[in-house]
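Working notes, structure below.
In listed order, ligands and their atoms are each counted from 1.
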Amino acid sequence: MQPLHLYNTLSRKKELFEPLNPPYVGMYVCGPTVYNYVHLGNVRTFLTFDTLYRYLTFIGYKVRYVRNLTDVGHLVGDGDEGEDKIGRMAKLEKVEPMEIVQRFTNDFHTVMSQFNTIPPSIEPTATGHMVEQIEAVQALLANGLAYESNGSVYFDIETYNKRGGQYGKLSGRILDDLLNETRELDGQSEKRSPLDFALWKNASPEHIMRWNSPWGAGFPGWHLECTCMSTKYLGKQFDIHGGGMDLKFPHHECEIAQGDGLTGHDPVRYWMHSNMLTVNGQKMSKSLGNSFLPAELFSGSHHLLEQAYSPMTVRFFMLQSHYRSTLDFSNDALKAAQKGYRRLANGLRVSRKLTYAPTDENGFDETKQRDIRQAVQQFYEAMNDDLNTAVGIAQLFTLLKYINMLYLNQLQVSALGEEVFNLLNQSFATFMQDVLGLLEEGTDKQPVLEGLLTLYREYKEQKQYDKVDQVRSYFKAQGLAIKDMKHQIDWAYEE
Ligand code: AMP
Ligand code: ZN
């Protein structure tokens, strides 16, 4: 197995990844709250963990990947008071909450497949795990780590910490600071301490999403679902838990307290957080009004966009930065990404045409052989170094250089030898498609293009230059270029 190192938010350092029960890996990622269209910021986080899932699988792990859908309990403002995000939308639109959930779940799935992410092994919902959540609240009450107040149940941070818990250890928050920050904001008297968080909330009469419980009609606190669903499917302690950086506190901090409170140990071995997609340095978020929907990118209809960008261009754009760095949206960066992605897509197309048919017996070019072997090795090293896709992509371009040389007849396959030739061709295609999830787009059009190209060759031979120009401009309108080379005529994606 590859020596994969992952940055653990909890220990604040890169650690060698050693799953509890190899080759099995349990991985949980907080999914979306399905009450509005996913924006490009959300996409970044899910792409990060899709890439991790792909790489773990690629290097031989058997991953159970659980990504939930939050369909109840996430309140407007992310705190313990106020309306449910989904319930609020349902009221505004005068529809059933589950209609809201279904609509945005469908959208989420569509977007995830547009970006070629692999569906998780299990996609559980909070409403589907009400029994587990009620049982967890009962267990925490029985442990003395929770208390009931007016039909709501809160986690008792002070008692937890007195018993050795370290609330704040994931996010590095200091309890006294937190107390100072929250005291003024939080005027409610139901809680013993403003730091305590809701495990179960009593539903006011106008709250439409409600379930019966030993404490009356109510609904679960937002953090509880992830504790219940992750441990139900992955065990009381599991390998990887991921999400966006903004979930570190309070969401994941609360998950640690809940899990620890229920079992007496940390629920998660490796906590991973993907950094934010920003616009002019500010987090992309629907509430800030700076978010883009994927559909707006694909059509180019958003006022901040200079043109349309395809899903794979956007995927490439995101993979070009390391997941722990912020990534700022910009037209220039996307244009550069389009160029880069198209170069790779051209490489993928021509690599499929290459075969090992040695013609030249001049011996091996050892420098090139070494360079190719090294690029392959360095791709693994980059991915093993906390999933450094940025460096990995640079290695892919090294491999691309040799693929293009073979295609252009500047290099003969015999100079590489069969083993290195296969290594080059297979590594390029699998790194690009299987690990980075970058596919060639629009392949369904290719049979028509090949037919047109046959006509083009004929028109050229017959010197029918008006028709030659017509075909050429048809390709151009599709973002493609006809390449008249010495040894052949072919088409390519315009870079
Ligand atoms: P939400 O539906 O708001 O809970 O978000 C779903 C996921 O997207 C969470 O993991 C968030 O951390 C993540 N997320 C939200 N905004 C951004 C952003 N601007 N950049 C990256 N990830 C984000
Ligand atoms: Zn969660």
Side chain, backbone, both or neither: Asn275 near ligand 1, heavy atoms under 4.0 Å: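 Within the 4.0 Å criterion, Asn275 contacts ligand 1 through backbone atoms alone.
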[X]: numbered ligand 1 atoms lying under 4.0 Å from its heavy atoms:
{"X": "Leu247", "result": "9 (C), 10 (O), 12 (O)"}
{"X": "Thr33", "result": "2 (O), 4 (O)"}
{"X": "Met284", "result": "16 (N), 18 (C), 19 (N)"}
{"X": "Lys283", "result": "16 (N), 19 (N)"}
{"X": "Met276", "result": "17 (C), 18 (C), 19 (N), 20 (N), 21 (C), 22 (N), 23 (C)"}

Between Tyr380 and Phe431, ring centroids under 6.0 Å: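 Yes.
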Identified side-chain hydrogen bond (donor to acceptor under 3.5 Å, both in side chains) partner of Tyr493 from the options Gln478, Arg343, Glu440, Arg349: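 Result: among Gln478, Arg343, Glu440, Arg349, Glu440 is the only option passing the side-chain hydrogen bond (donor to acceptor under 3.5 Å, both in side chains) with Tyr493.
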Identified side-chain hydrogen bond (donor to acceptor under 3.5 Å, both in side chains) counterpart of Ser171 within the set His252, Glu253, His251, His273: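 Only one of His252, Glu253, His251, His273 forms a side-chain hydrogen bond (donor to acceptor under 3.5 Å, both in side chains) with Ser171, namely Glu253.
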Close approach of His39 to ligand 1, heavy atoms, under 4.0 angstrom: yes
Among all protein heavy atoms in this structure, tell me which lies nearest to [atom], with the distance rounded to 0.1 Å.
{"atom": "atom 10 (O) of ligand 1", "answer": "Gly244 N, 3.1 Å"}
{"atom": "atom 20 (N) of ligand 1", "answer": "Leu277 N, 2.8 Å"}
{"atom": "atom 22 (N) of ligand 1", "answer": "Thr45 OG1, 2.7 Å"}

Rounded distance (nearest 0.5 Å) linking atom CE of Met130 with atom CH2 of Trp200: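 The distance works out to 5.5 Å.
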Interatomic spacing from CE in Met312 to OH in Tyr341 - rounded to 0.5 Å: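 Rounded to the nearest 0.5 Å, the CE-OH separation comes out at 6.5 Å.
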Distance-only donor-acceptor pairs under 3.5 Å for side chains of residues 17-32, two or more places apart:
residue : atom : partner : partner atom : Å
Tyr28   : OH   : Asn68   : OD1          : 3.3

Would you check whether [X] has a nitrogen or oxygen atom less than 3.5 angstrom from a nitrogen or oxygen atom of ligand 1?
{"X": "Asp246", "value": "yes"}
{"X": "Gly41", "value": "yes"}
{"X": "Met245", "value": "no"}
{"X": "His74", "value": "no"}
{"X": "Phe46", "value": "no"}

Heavy atoms from other residues, nucleotides or ligands near CZ of Arg103 exceed 12 (cutoff 6.0 Å):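 Yes, enclosed.
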N, O or S from His251 under 2.8 Å to the Zn ion (ligand 2):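 It does; at least one qualifying atom falls short of 2.8 Å.
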Contact flag His252/the Zn ion (ligand 2), N/O/S atoms, threshold under 2.8 Å: no
Ring pair (Phe, Tyr, Trp, His ring centres under 6.0 Å) partner of Phe108, the single match among Phe46, Tyr37, Tyr35: Phe46
Under 3.5 Å donor-acceptor, Gln102 side chain and Met98 backbone: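 It does not hold such a pair.
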Distance-only polar pair, side chains of Thr70 and Glu225, donor-acceptor under 3.5 Å: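 Present: a donor and an acceptor within the cut-off.
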Residues Glu15 and Ser11: side-chain donor-acceptor under 3.5 angstrom: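 Judged by distance alone, the side chains do pair up.
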Heavy-atom proximity to atom 5 (O) of ligand 1, best of Asn42, Leu69, Thr48: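 Nearest option to atom 5 (O) of ligand 1, by heavy atoms: Asn42.
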